[in-house]
Amino acid sequence: MNQIHTFDGIPLKVGIAANLRRRLTQHGRSLQSKLKPIANCAVSDPHHLVSKQSILAKHLYFDRSLTEDYDLETEVGRQNFLAHQTYLLVTYTDTRDEALRLEKIAEAFDIWRYQGRVKIIEG
């Protein structure tokens, strides 16, 4: 299980990954091209987008209250914010089921700024 926090102490996201390096790379790339609008919906908040890579990227894109020092509407701004203003806590588990259980417990506390799963879409 991995947890992403800001240095200011804001818990952003909790999740799991079989390949942590690949998952963190997906979060760090924060590509707009991987954000797809839901059909027939004006894009005005994160719930109007489906992410092919990282829900962290889509939520950061809309989060105007998190930072004034980084433009989170740009890929470079989000990448720099993640690289310079956040840290990662990793909890290793023996099985994926155990990681999922821990993730559900963590999300049940409702302290994470962004929750949910990436929905895989074709295209």
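Note that this is a predicted model, so its numbers are computed, not measured.
Nearest heavy atoms, Leu72 versus Asp63: CD1-O, 3.6 Å. The two residues Ser65 and Arg113 make their nearest non-hydrogen contact at OG-NH2, 2.7 Å. Residues Arg78 and Tyr61 share a closest heavy-atom pair of NH1-CD1, 3.4 Å.
Side chain of Arg64 to main chain of Phe62: a donor-acceptor pair is present (N/O by atom type, distance under 3.5 Å, no hydrogens or angles).
Residue Phe109 is grouped with residue Met1 when hydrophobic side chains (ILVMFWY) are merged at heavy-atom distances under 4.5 angstrom, including chains of intermediate members. Residues Ile111 and Ile16 are members of one and the same hydrophobic cluster, defined by side-chain heavy-atom contacts under 4.5 angstrom among Ile, Leu, Val, Met, Phe, Trp and Tyr. Cluster membership for Leu66 and Leu88, using ILVMFWY side-chain heavy atoms within less than 4.5 angstrom, is shared.
Contact check for Asp69 versus Gln85: no side-chain heavy atoms found under the 4.5 Å cut-off. Side-chain contact between Trp112 and Gln3 is present, with heavy atoms from C-beta onward closer than 4.5 Å. No side-chain heavy atom of Thr6 sits less than 4.5 Å from a side-chain heavy atom of Thr67. By the 4.5 Å heavy-atom criterion applied to side chains, Ile4 and Tyr114 are not counted as neighbours. Using a 4.5 Å heavy-atom threshold, the side chains of Glu107 and Lys13 count as touching. Side-chain contact between Ile10 and Leu12 is present, with heavy atoms from C-beta onward closer than 4.5 Å.
Within 6.0 Å of CG in Asp94 there are 12 or fewer heavy atoms belonging to other residues, nucleotides or ligands. Heavy atoms of other residues, nucleotides or ligands lying less than 6.0 angstrom from OH of Tyr92 number 12 at most.
For Glu98 and Arg101, the salt-bridge test passes: some basic side-chain N is under 4.0 Å from an acidic carboxylate O.
Distance check, rounded to the nearest 0.5 Å: CG of Leu60 to CD of Glu75 gives 12.5 Å. The structure places CD1 of Ile105 at 11.0 Å from CD of Glu103, a figure rounded to the nearest 0.5 Å.
Using a 30° and 60° split on the angle between ring planes, Tyr70 and His84 fall in the parallel class, below 30°.
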